[in-house]
Trainee: 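Got a structure for you, written out below as structure tokens; questions coming shortly.
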Amino acid sequence: MSERYSKCNKCGCRNNDSAEEAAFVAAEAFNRCEEKAETRERRRTGFSDPICIHTDQIYDSCRDRDCIKDSRVYFTQADQELIDNSINVKVKKAEIIWVYTDVEEVPFNRGFFSVDIKYFICVTLEVFTGVCQPCIVRGLTTFDKRVILFGSEGNAMVFTSTNAPGEDVSELWQKNGMPTAIVEVVQPIPLAAKLVEDDCCCCCCSTPIPQSINNCFDNDLVVGDTAKKVLVTLGIFTIVRLERNTQLLIDAIDFCVPQNECAAATEENPCELFNGFRFPVDEFFPPQKSSEEEDFGCGCNRGCGCDACKRNTDRSCCDC
């Protein structure tokens, strides 16, 4: 196969050296024009009437920030022995393993529901046992919260062929008419960690841990009395919403036909694809915070919607 482009001897630019290539480019342009004409015709005739869709409608939502202060971290038996012999700990990162939710009706307040949320968070710590390098251990901490949201009323029970509850049908059938709770959460921000002596002589502080969460660690977690325990402080940003299945009548514009062609690197042209990548200038020169604005703008000035782009009056280069 011949090269698609060749370099000019004088300036080094790329020129099309093939009549076949020129015909290919012209055919591609013709196909795009034909596709646009078909799209306009389809919008004029095929989408002149509204259509009915089945979707999840959001009835209520809220956002919140929680500072989880002095939450106990549970470790495996081997890691707990390391904690008992440590002199200091430092939190490195925190990751959400899973979030359990439960929806219940609020008495004497029709249409409102309480959403009980339980976070299971994996915490990575540096454990210092002396002057040597710290050891890296992972533990589990939990956090509970409750929110009240409007979920409307609906007595219709929905059953689908793709949702088979299996052995859980005895627990789920009475909650069939409930709205669905959706929890969106970013990774927690680790703020602090401290090592304290465990002076509790009972198991009143123990938290039951589901076996599915326990399986994320090497062995079972110790939730009883220990010589020392680790308390961490985390920050969490959460969005909670209640949704119901509903049918909506909407105005459709067109089918969701992809407009971009798939670009793939093959054994013949991996460097050609790489040469089309934008040079990551921001990775070498991090942007500075402007004194005139509070938010970090992307700095591209090419119509992306940030404050820097909004101030640009020349839209000739807005192609991002």
Side-chain angles (χ1 to χ4, degrees), residues 56 61-84 86 89-104 114-127 134-147 149 163-168 171-172 175 178-196 198 203-226 228-243:
D56 294 324
S61 62
C62 65
R63 65 179 184 181
D64 200 1
R65 66 173 71 197
D66 297 286
C67 184
I68 310 172
K69 187 176 181 181
D70 293 342
S71 178
R72 181 181 176 181
V73 182
Y74 301 96
F75 302 95
T76 62
Q77 183 63 43
D79 289 341
Q80 183 60 51
E81 293 177 358
L82 189 64
I83 295 295
D84 292 339
S86 64
V89 294
K90 179 182 178 182
V91 60
K92 288 181 61 67
K93 65 178 179 179
E95 302 168 289
I96 297 290
I97 296 179
W98 196 254
V99 177
Y100 284 94
T101 58
D102 185 47
V103 180
E104 296 287 347
S114 64
V115 182
D116 292 294
I117 308 171
K118 190 176 189 66
Y119 302 82
F120 290 89
I121 307 170
C122 176
V123 180
T124 303
L125 298 163
E126 288 182 342
V127 180
C135 299
I136 304 299
V137 300
R138 295 190 310 139
L140 176 74
T141 188
T142 63
F143 172 62
D144 298 272
K145 70 175 301 180
R146 170 179 289 188
V147 299
L149 293 174
N163 186 15
E167 298 178 356
D168 297 331
E171 301 176 1
L172 299 179
K175 291 182 175 293
M178 294 286 187
T180 302
I182 306 296
V183 179
E184 295 184 22
V185 56
V186 298
Q187 296 294 8
I189 302 173
L191 300 175
K194 61 182 178 180
L195 188 67
V196 298
D198 191 358
C203 295
C204 58
C205 302
S206 300
T207 300
I209 300 175
Q211 188 59 41
S212 57
I213 300 296
N214 228 330
N215 293 338
C216 297
F217 299 87
D218 298 334
N219 292 293
D220 291 342
L221 300 174
V222 178
V223 297
D225 297 335
T226 57
K228 293 181 181 179
K229 59 184 178 182
V230 176
L231 304 180
V232 295
T233 301
L234 308 173
I236 293 183
F237 293 94
T238 307
I239 293 179
V240 186
R241 61 179 184 265
L242 284 184
E243 299 178 349

Trainee: Are the side chain of D144 and the backbone of K118 linked by a donor-acceptor contact shorter than 3.5 Å?
Mentor: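 No, the answer is negative, given that no donor and acceptor are paired below the 3.5 Å cut-off.
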Trainee: Going by salt bridge (Lys or Arg N to Asp or Glu O under 4.0 Å), name the residues that satisfy it together with D102, two or more places apart in sequence or in a different chain.
Mentor: K175
Trainee: First locate atom CZ of R63, then atom OG1 of T238, and finally report the distance between them rounded to the nearest 0.5 Å.
Mentor: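 OG1 of T238 is found 12.0 Å from CZ of R63.
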Trainee: By ring pair (Phe, Tyr, Trp, His ring centres under 6.0 Å), which residues pair with F75, not counting sequence neighbours?
Mentor: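 If we apply the ring pair (Phe, Tyr, Trp, His ring centres under 6.0 Å) test to F75, skipping adjacent residues, there are no hits.
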Trainee: Under 4.5 Å between any side-chain heavy atoms of Q187 and K93, yes or no?
Mentor: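 Side-chain contact under 4.5 Å: no.
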Trainee: Enter the distance from F237:CZ to D66:CG here, rounded to the nearest 0.5 Å.
Mentor: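 Separation between the atoms: 9.5 Å.
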Trainee: Can you tell me how far apart CD (E81) and OG1 (T226) are? Round to the nearest 0.5 Å.
Mentor: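 Here the interatomic distance stands at 11.5 Å.
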Trainee: For residues N219 and T76, report the shortest heavy-atom separation together with the two atoms involved.
Mentor: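 Result for this residue pair: O-CG2, 3.4 Å.
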Trainee: With sequence neighbours left out, what residues match K92 under salt bridge (Lys or Arg N to Asp or Glu O under 4.0 Å)?
Mentor: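 Testing K92 for salt bridge (Lys or Arg N to Asp or Glu O under 4.0 Å), a comparison that skips the adjacent residues, returns E126.
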Trainee: Working to the nearest 0.5 Å, report the span between OG of S61 and CD1 of I239.
Mentor: 7.5 Å
Trainee: So which atom in V103 and which in P179 form the shortest heavy-atom distance, rounded to 0.1 Å?
Mentor: CG2-O, 4.0 Å
Trainee: Is V123 close to L140 at the side-chain level, that is, under 4.5 Å between some pair of heavy atoms?
Mentor: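 Of all side-chain heavy-atom pairs linking V123 with L140, none is under 4.5 Å.
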Trainee: Looking at R72, is its backbone amide N or carbonyl O close enough to the side chain of T141 to form a donor-acceptor pair, meaning the two atoms are under 3.5 Å apart?
Mentor: yes
Trainee: Calculate, to the nearest 0.5 Å, the distance between atoms CZ and CD belonging to R146 and E104 respectively.
Mentor: 8.5 Å
Trainee: Please walk me through it: do I236 and V185 pass side-chain contact (heavy atoms from CB on, under 4.5 Å)?
Mentor: CA-CA 7 Å; I236 293 183; V185 56; 3.5 Å; yes
Trainee: Spell out, as yes or no, whether a donor-acceptor pair under 3.5 Å connects the side chain of N214 to the backbone of L221.
Mentor: yes
Trainee: So V230 and V127, do their side chains get closer than 4.5 Å, heavy atoms only?
Mentor: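 The answer is no, as the side chains (C-beta and beyond) never meet within the 4.5 Å cut-off.
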Trainee: Do the non-hydrogen side-chain atoms of P190 and L234 ever get within less than 4.5 Å of each other?
Mentor: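 Answer yes - side chains close enough.
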Trainee: Closest approach of G235 and L191, non-hydrogen atoms and distance?
Mentor: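 Heavy-atom minimum between the residues: N-CD1, 3.9 Å.
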Trainee: I want to check something: taking the side chain as every heavy atom from C-beta on, are K229 and I83 in contact at a cut-off of under 4.5 Å?
Mentor: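 No, every pair of side-chain atoms sits at 4.5 Å or beyond.
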Trainee: Going by heavy atoms in the side chains, are L125 and D79 under 4.5 Å from each other?
Mentor: no
Trainee: K194 vs D70, test: side-chain contact (heavy atoms from CB on, under 4.5 Å). Steps then yes/no.
Mentor: CA-CA 8 Å; K194 61 182 178 180; D70 293 342; 3.2 Å; yes
Trainee: Are any of the side-chain heavy atoms of T180 and R241 separated by less than 4.5 Å?
Mentor: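 Counting from C-beta outward, T180 and R241 never come under 4.5 Å.
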Trainee: Please answer whether the main-chain N or O of K228 pairs with a side-chain N or O of Q80 as donor and acceptor at a distance below 3.5 Å.
Mentor: yes
Trainee: For T142 and Y100: C-alpha separation, side-chain torsions, deciding distance, then whether side-chain contact (heavy atoms from CB on, under 4.5 Å) applies.
Mentor: CA-CA 11 Å; T142 63; Y100 284 94; over 6 Å; no
Trainee: Taking side chain as C-beta onward, heavy atoms only, is W98 less than 4.5 Å from C216?
Mentor: no
Trainee: Does atom NZ (K69) have a neighbourhood of more than 12 heavy atoms from anything else shown, all under 6.0 Å?
Mentor: no
Trainee: Out of curiosity, D56 CG to L242 CG, how far, rounded to the nearest 0.5 Å?
Mentor: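 Interatomic distance, D56 CG to L242 CG, rounded to 0.5 Å: 12.0 Å.
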